[in-house]
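Before any comments, here is the structure.
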Amino acid sequence: MKTKPIQDADSSIAITLPSVIHRLDVAALFPALQPLEVELGSGDGSFLIQYAGEHRDRNFIGVERLLGRVRKTDRKANRLGLANIRLARIEASYFLQYLIPANSIEALHLYFPDPWPKRKHRKNRLVSKQFPELLKGSLASGGKIYLRTDDADYFEQMKSVFAAAPFFQEIPTPDDLANVLTDFERRFLKQNIQTHRAAYQLTAL
């Protein structure tokens, strides 16, 4: 099935999903076949736009639920002529489990996800004990996940979850990646709020 823009304009990089039960034909989404990276919760596109602009030899899919944010990122990418970005408006875990082709992602970026700080709501956190197994099915061999959060408790949970997954090993965040900030990160830095980072690599399928 062919994908189509979320808006009628031919220039839109935001796609409607041709099916919610069939996996995307990623190769058909982009003008060039290149390594694929995905950002879950791409927000207003601050990180995605800058990083994709610096790495035009890679393709990127931004996953975001809010239509206004998708449209904002769409406009930014089109102004800059970034043909290596596509946007999907859907829930993040569903996208990973059902829509992205297996073992197709070279790197996944998850920055400042909802921390669900109340104890009774923590079951809603995306990075739970099931997450590494879900991610394992989406990442290519040697694929990486990069994490950032301002919530210390959530950060400890993230580290614990990946420490318990034998098929992931902790790695440093590259400097060129660490220097690209999200809109949330800039706001936190101005407020002197500490943020946390971690990165992991898939060692075996």
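In this text, all values refer to a predicted model and were calculated from it rather than measured experimentally. FYI, side chains are in, hydrogens and waters are out, and symmetry mates aren't considered; it's all heavy atoms of this structure.
- Considering only heavy atoms from C-beta on, Pro132 comes within 4.5 Å of Val161 through its side chain.
- Closest non-hydrogen pair, Val180 versus Asp176, comes out as CG2-O, 3.4 Å.
- Proximity of a side-chain donor or acceptor of Asp74 to a complementary backbone N or O of Val70 within less than 3.5 Å is not detected.
- Residue Ser128 holds its OG atom at 14.0 Å from CZ of Arg122, rounded to the nearest 0.5 Å.
- Note that CZ of Phe60 is 14.5 Å distant from CG of Leu29, once rounded to the nearest 0.5 Å.
- Side-chain contact between Phe47 and Leu177 is present, with at least one heavy-atom pair separated by less than 4.5 Å.
- For the pair Gln157 (side chain) and Val127 (backbone), a donor-acceptor distance under 3.5 Å is present.
- Taking the six-membered ring for Trp and thresholds of 30 and 60 degrees, Phe112 and Phe184 have ring planes inclined between 30 and 60 degrees apart.
- With Thr73 contributing its side chain and Arg69 its backbone, the two residues share a donor-acceptor pair below 3.5 Å.
- Panel note: side chain Asp150, backbone Thr195; no donor-acceptor pair is recorded below 3.5 Å.
- The two residues Phe168 and Lys136 come nearest to each other via the heavy atoms CZ-N, 4.5 Å.
- Side-chain atoms of Arg23 come within 3.5 Å of backbone atoms of Ile100 as a donor-acceptor pair (strictly under, hydrogens ignored).
- Counting heavy atoms from C-beta outward, Phe167 and Glu133 have side chains that approach closer than 4.5 Å.
- Arg86 and Pro31 make their closest contact through NH2-CD, 3.8 Å (heavy atoms, listed as atom of the first residue, atom of the second, distance).
- Side-chain contact of Gln201 with Thr203: a donor-acceptor pair under 3.5 Å is absent, judged by distance alone.
- Distance check: Leu40 CG to Leu110 CG gives 5.5 Å after rounding to the nearest 0.5 Å.
- When atom types are taken as modelled, the side chain of Asn84 and the backbone of His55 share a donor-acceptor pair closer than 3.5 angstrom.
- By the 4.5 Å heavy-atom criterion applied to side chains, Ser93 and Leu126 are counted as neighbours.
- Proximity of Thr182 to Phe188: side-chain heavy atoms (C-beta onward) are nowhere separated by under 4.5 Å.
- Neither side chain, Asp151 nor Thr149, offers a donor N or O lying under 3.5 Å from an acceptor on the other.
- Both Val26 and Leu139 belong to a common hydrophobic cluster when Ile, Leu, Val, Met, Phe, Trp and Tyr are linked at side-chain heavy-atom distances under 4.5 angstrom.
- A salt bridge (Lys or Arg N to Asp or Glu O under 4.0 Å) check over residues 180-195, counting only residues at least two apart or in different chains, returns the pairs Arg148-Glu185, Glu185-Arg197.
- Proximity of Phe162 to Phe131: side-chain heavy atoms (C-beta onward) are separated by under 4.5 Å at one or more points.
- Taking OH from Tyr146 and NE2 from His109, the interatomic distance works out to 7.0 Å, rounded to the nearest 0.5 Å.
- Counting heavy atoms from C-beta outward, Tyr154 and His196 have side chains that stay 4.5 Å or more apart.
- When hydrophobic clusters are built by joining Ile, Leu, Val, Met, Phe, Trp and Tyr residues whose side-chain heavy atoms come closer than 4.5 Å, directly or via intermediates, Phe30 is grouped together with Val38.
- Judged by distance alone, the side chain of Ser42 and the main-chain N or O of Glu39 form no donor-acceptor pair under 3.5 Å.
- For the residue pair Asp175/Asn179, the side-chain donor-acceptor check at 3.5 Å is not satisfied.
- At a threshold of 4.5 Å between side-chain heavy atoms, the hydrophobic network of Ile, Leu, Val, Met, Phe, Trp and Tyr places Tyr111 and Leu189 in two separate groups.
- Here CG of Leu96 is found 8.5 Å from CD of Glu91. Values are rounded to the nearest 0.5 Å.
- When all heavy atoms of Ile90 and Arg65 are compared, the closest pair comes out as O-CG, 3.6 Å.
- Checking Gln34 against Asn59 by side-chain atom types alone, a donor-acceptor pair falls below 3.5 Å.
- With hydrogens and angles ignored, the 3.5 Å screen pairs a side-chain donor or acceptor of Lys76 with a backbone N or O of Asp44.
- Shortest non-hydrogen contact noted between Leu66 and Arg89 is C-NE, 4.2 Å.
- Residues passing the side chain to side chain contact (heavy atoms under 4.5 Å, CB included) test with Gln97, sequence neighbours excluded: Leu134.
- The distance from the NZ atom of Lys118 to the CG atom of Asn124 is 12.0 Å, given to the nearest 0.5 Å.
- Within a 6.0 Å sphere centred on OH of Tyr94, heavy atoms belonging to other residues, nucleotides or ligands number more than 12.
- Leu80 meets the side chain to side chain contact (heavy atoms under 4.5 Å, CB included) test with Ile49, Leu82; sequence neighbours excluded.
- Side chains of Pro113 and Met158 form a contact here, defined as non-hydrogen atoms less than 4.5 Å apart.
- Counting all heavy atoms, side chain and backbone alike, Glu106 lies closest to Pro35 at CG-CB, 3.7 Å.
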